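Quick caveat, the model's predicted, so the values are computed rather than measured. Counting starts at 1 for both ligands and their atoms, in listed order.
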Amino acid sequence: MIGIGSDDLGFDVKERIRDFLVQREESVYDFGVYSIEPADYPDIGVKVAEAVRMGPVDCGVLVCGTGLGMAIAANKVPGVFAAPVSSVELAIAARRSNNAQIITLGSRIVSVDEACAIVGAWLATEFQEGASARKVAKVRAIDEHYRLARAQGTRSGQDEATVLCAARG
Ligand code: RB5
């Protein structure tokens with residue numbers, strides 16, 4: 001299942017992406033927003049990212065004005081890889097190299113047609129494994145490091161950052 005969501009600025013593009021996916025007979029869950037009433041991107045971004053983390057949806061598409069706020073918000077959810085994309089080329093790379101489960105789009109950056117082409121290309125691409133798998137595993141390890149440190153209440157800095165913090169007092 002594909003989760004979709006937007007803020008008010010992304011609403012029109014999100015609606016068209018939903019139509020595009022339904023036409024392709026994809027299973028879609030729409031996390032809102034459901035109108036152009038003002039809405040804050042983190043409120044929707046976290047819903048889709050959490051659904052990806054928990055598993056009821058396999059992947060997600062988020063739309064805001066630029067695609068940036070949605071990516072930043074979704075990436076705060078542990079285990080989630082959200083990539084802001086503005087072209088078919090980036091969408092393919094986001095899946096092939098980065099194994100992003102979420103892509104984010106900007107309604108001010110891409111047209112509706114471009115958005116649908118981007119989503120279609122992303123869904124048609126598979127993760128290439130190999131060296132990319134090693135790099136993605138390293139990103140997951142960073143995520144896990146901070147999660148564990150927080151859970152244990154220990155200092156969470158890594159290597160140079162810890163030394164720099166200590167030196168600055
Ligand atoms: C509007 O809130 C705008 O900031 C939002 O749609 C998005 O572009 C944020 O990155």
Could you check L90, V85, L123 and say which one makes a side chain to side chain contact (heavy atoms under 4.5 Å, CB included) with I103? V85
Give every pair formed by an N or O atom of ligand 1 and a protein N or O atom closer than 3.5 Å, one pair per line with both atom names and the distance to 0.1 Å, or write none.
| from | atom 1 | to | atom 2 | distance (Å) |
| --- | --- | --- | --- | --- |
| ligand 1 | 6 (O) | D7 | OD2 | 2.6 |
| ligand 1 | 6 (O) | G65 | N | 2.8 |
| ligand 1 | 8 (O) | G65 | N | 3.2 |
| ligand 1 | 8 (O) | T66 | N | 2.9 |
| ligand 1 | 8 (O) | T66 | OG1 | 3.1 |
| ligand 1 | 10 (O) | T66 | OG1 | 3.1 |
| ligand 1 | 10 (O) | G69 | N | 2.8 |

Residue pairs, two or more places apart or on separate chains, that pass ring-ring contact (aromatic ring centres under 6.0 Å, His included) and touch residues 30-63: Y29-F31
Using only atom types and a distance under 3.5 Å, with no angle test, would you say the side chain of E144 pairs donor to acceptor with the backbone of A141? no
Is it the case that over 12 heavy atoms from other parts of the model lie below 6.0 angstrom from the CD atom of Q152? yes
Could you tabulate the donor-acceptor pairs under 3.5 Å formed by side-chain atoms of residues 47-61, not counting sequence neighbours?
| from | atom 1 | to | atom 2 | distance (Å) |
| --- | --- | --- | --- | --- |
| E50 | OE1 | R53 | NE | 3.2 |
| E50 | OE2 | R53 | NH2 | 3.0 |
| D58 | OD2 | M1 | N | 2.4 |

Got a sec, which residues hit side chain to side chain contact (heavy atoms under 4.5 Å, CB included) with D12, two or more places apart in sequence or on another chain? none
